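To start, the structure under review is shown below, and the notes come after it.
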Amino acid sequence: MSLNIFNALTGRKEPFEPVESGKVGMYVCGVTVYDMCHIGHARSLVVFDVIYRYLLDLGYQVTYVRNFTDVDDKIINRANQLGEDWKELAERFIREFYVDVDALGLLRPTVEPRATDHIPQIQSLVERLIEREHAYEADGDVMFSVESFDGYGRLSGKKVDELISGARVEVDQKKRNPLDFALWKAAKPGEPSWPSPWGPGRPGWHIECSAMSMDYLGQEFDIHGGGADLAFPHHENEIAQSQGATGKPFARRWIHNGFVNIRSEKMSKSLGNVLNIRTVLQDFHHEALRLFLLSKHYRSPLDYNDESIREAAVGLERLYSAMAGLDKLVGLQGRARELPEPLTNIRERFREAMDDDFNTPRALAVLFDAARAINTIATARRPPRDKAPLPELLGAARKDITDMSRNILGILTEDPRVFLDDMRMKRALARGLDAAEIEARIVARAEARSKKDFAAADRIREELAEKGVVLEDNPEGTTWTVKDLQVD
RNA sequence: GGCGGCUUAGCCAAGUGGUAAGGCGACGGUCUGCAAAACCGUUAUACGGCGGUUCGAAUCCGCCAGCCGCCUCCA
């Protein structure tokens with residue numbers, strides 16, 4: 001099987017064939033830098049990060065472009081509100097963006113262009129559109145004429161006349177048609193501006209993406225992505241501008257990720273339920289967040305609530321703990337010549353899932369199946385020790401699992417032992433517990449147990465349990481874990 | 001009003017014609033001094049409802065109901 005991608009332009013899954021064999025050009029609409037990134041941004045960022053990683057895994061030479069919108073109404077308004085220079089504000093939120101993005105473990109795109117660095121490209125695109133009579137000048141603004149472009153509405157499945165009748169946009173006298181949109185906006189006093197043939201002004205929102213994508217990827221490229229809300233009007237307008245200017249098809253396929261809801265409600269400033277990435281990461285490991293975001297297919301809406309993120313955190317720990325178990329098994333020098341089925345063909349099954357429009361829930365199931373198989377061996381090993389598979393077989397399975405999860409999903413990137421220890425220490429710290437003290441109590445309990453004084457031993461265990469410490473007796477001794485405050 | 005999408009077990013979630021992945025939880029068992037963890041088993045004769053197509057449908061078609069998104073800035 002090979003990669004199939006759902007194309008919003010056709011509404012179908014289609015076999016993926018790049019414009020240029022072996023190479024992929026992908027443009028994803030980034031953020032407008034006027035505020036902190038929230039969990040909705042996180043979904044888009046992680047989804048396209050995984051798509052990027054998977055394309056790389058398939059061996060494509062990928063040029064991944066993700067822009068910053070660093071001049072726009074929202075930035076200017078926010079800057080005015082705060083009495084901050086708009087440029088400084090944008091720079092500040094770009095820095096904050098990188099804090100979040102790095103915390104999420106995202107790969108850096110090939111290029112991260114900024115709108116303000118592409119004013120000449122934007123202007124020449126606007127000029128071209130005027131020449132081709134797709135755009136007109138009005139009082140220092142330049143508007144795109146929607147009626148001049150035949151295919152308008154194809155991506156979003158809308159018809160121009162239907163849009164007009166249902167239009168809620170305020171009537172702008174400068175527009176010939178209410179659906180026309182600004183390519184270039186004349187500067188009001190005090191606003192950032194660049195000189196242009198139409199007077200000082202700044203780019204409209206949509207044009208920057210056309211200019212930058214074509215600048216780095218050419219007039220026709222493979223994938224254009226973004227959040228579901230961008231399909232209309234943003235992406236629709238991009239298509240109109242780009243095709244209008246070049247006469248070429250522009251992006252061949254469009255990928256839109258679904259929204260994140262918060263406790264079944266749309267996340268919005270007015271509801272006051274906007275959840276920032278760093279807020280979530282205070283309580284949960286970034287891989288737990290990634291796992292959560294990837295636990296549902298990227299096109300469907302995803303509901304964030306205490307239970308759903310908790311489940312992801314528990315699931316991540318299950319995977320890590322199985323991996324720790326696997327490492328122990330490798331050291332066992334087993335002799336069985338066969339692996340259980342879930343530990344075979346991991347790459348094939350994982351890729352088969354990903355090939356089906358990046359079906360990450362299915363890919364995760366491959367990992368969970370493997371985890372169970374590992375635990376089964378680990379549990380069954382005790383008396384018949386030669387039931388454990390040969391170390392080289394286990395080692396190969398280990399590599400398959402980590403290659404897939406680490407390189408493609410960006411989870412299980414840490415050494416399992418280190419991960420589990422860190423997790424335990426973080427939780428102990430959160431509960432104000434001291435490891436040495438706990439271990440002293442464990443020693444005391446061991447003494448009581450050796451004297452068969454189980455009442456005393458159980459008293460110690462209960463006393464620790466009240467503090468959130470869970471003991472596990474096993475043949476090698478007693479280990480302890482701490483219950484997560486979030487999970488508890 | 002227009003366009004699009006969704007409805008699978010207690011919960012989350014895969015599954016687009018051949019008889020329901022995976023996770024969380026619950027219950028029973030194994031292990032254990034007892035636990036914990038892990039494992040094993042059980043937990044949807046059934047996929048919103050009603051019809052239709054088909055040898056056969058959660059999967060295709062129609063109607064109905066409920067939910068949601070977009071049509072305005074938004075990931």
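Here is how names work: the chains are called A, B, and so on, in the same order as the sequence lines, proteins then strands, and each is numbered from 1. Since this is a predicted model, take the numbers as computed values, not measurements.
Contact annotation for A/F454: base contact, defined as any heavy-atom pair under 4.0 Å involving a base atom. A/D458 comes within 4.0 angstrom of a nucleotide base, judged by non-hydrogen atoms across all strands. Across all strands shown, A/L230 has heavy atoms under 4.0 Å from sugar-phosphate atoms exclusively, and none from any base. Here A/R349 lies out of heavy-atom contact (under 4.0 Å) with every strand. Using a 4.0 Å heavy-atom cutoff across all strands shown, A/G40 reaches at least one base atom of the nucleic acid.
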Using a 4.0 Å heavy-atom cut-off, write out nucleotides 12-28 of chain B from 5' to 3' as B (base contacted by protein), S (sugar-phosphate only) or - (no contact).
-> -SSS-----BSBS----
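The side chain of A/V260 has B/rA75 as its nearest neighbour among B/rC34, B/rC71, B/rA75. Nearest nucleotide to the A/N257 side chain, out of B/rA75, B/rC70, B/rG33: B/rA75.
For the pair A/H235 NE2 and B/rC71 C1', the computed distance is 16 Å after rounding to whole Å. Following rounding to the nearest Å, A/E472 (CD) and B/rC34 (P) show an atom-to-atom distance of 17 Å. Rounded to an integer number of Å, the gap from A/I438 CD1 to B/rA36 P is 19 Å. The nearest whole Å value for the distance from the CZ atom in A/F181 to the P atom in B/rC73 is 12 Å. The CZ-P distance, from A/R154 to B/rC3, rounds to 19 Å in whole Å. The separation between A/K159 atom NZ and B/rG1 atom P is 17 Å, rounded to whole Å. The separation between A/H38 atom NE2 and B/rC73 atom C1' is 12 Å, rounded to whole Å. When the P atom of B/rG2 is taken as reference, atom CD of A/E236 falls 20 Å away, rounded to whole Å.
With both ends at atom C1', the span from B/rU59 to B/rA20 equals 11 Å, rounded to whole Å. When the C1' atom is compared between B/rG10 and B/rC27, the two are found 13 Å apart, to the nearest whole Å. Straight-line distance between the P atoms of B/rU7 and B/rU16: roughly 12 Å, to the nearest whole Å.
Mapping A/G258 and A/F232 onto RNA chain B via the closest heavy atom, the residue that lands nearer the 5' end is A/F232. Remark on RNA chain B: of its neighbouring residues A/A455 and A/T32, the 5'-side contact belongs to A/A455, judged by nearest-heavy-atom nucleotide.
By the 30° and 60° cut-offs, the orientation of the rings of A/W254 relative to A/H224 is parallel. A/H206 and A/H234 have tilted rings, their planes meeting at an angle from 30° to 60° on a 0 to 90° scale.
Between the side chains of A/E238 and A/S210, not a single donor N or O lies within less than 3.5 Å of an accepting N or O. For the residue pair A/E208 / A/N67, a side-chain donor-acceptor distance below 3.5 Å is found, with atom types taken as modelled. Between the side chains of A/Y298 and A/N359, not a single donor N or O lies within less than 3.5 Å of an accepting N or O.
In terms of the salt bridge (Lys or Arg N to Asp or Glu O under 4.0 Å) criterion, A/D150 has no residue partners (sequence neighbours excluded). Applying the salt bridge (Lys or Arg N to Asp or Glu O under 4.0 Å) test to A/R154 and every residue at least two apart in sequence or in another chain returns nothing. For A/K13, the side-chain contact (heavy atoms from CB on, under 4.5 Å) criterion is met by A/F6, A/R299, A/D356, A/D357, not counting sequence neighbours.
Only at 4.0 angstrom or more do the heavy atoms of residues 101-114 of chain A sit from any atom of RNA chain B, so none qualifies.
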If you look only at distance, which donor and acceptor atoms sit under 3.5 Å apart when one is on a side chain in residues 311-320 of chain A and the other is two or more places apart or in another chain?
{"residue": "A/E317", "atom": "OE1", "partner": "A/R427", "partner atom": "NH2", "Å": "2.7"}
{"residue": "A/E317", "atom": "OE2", "partner": "A/R427", "partner atom": "NH1", "Å": "3.3"}
{"residue": "A/Y320", "atom": "OH", "partner": "A/E287", "partner atom": "OE1", "Å": "2.8"}
{"residue": "A/Y320", "atom": "OH", "partner": "A/E287", "partner atom": "OE2", "Å": "3.3"}
{"residue": "A/Y320", "atom": "OH", "partner": "A/T413", "partner atom": "N", "Å": "3.2"}
{"residue": "A/Y320", "atom": "OH", "partner": "A/E414", "partner atom": "N", "Å": "3.1"}

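Outside the 6.0 Å centre-distance limit, the rings of A/H297 and A/F358 are not counted as a close aromatic pair.
Proximity of A/W480 to the phosphate of B/rA37: no side-chain N or O atom is located under 4.0 Å from OP1 or OP2.
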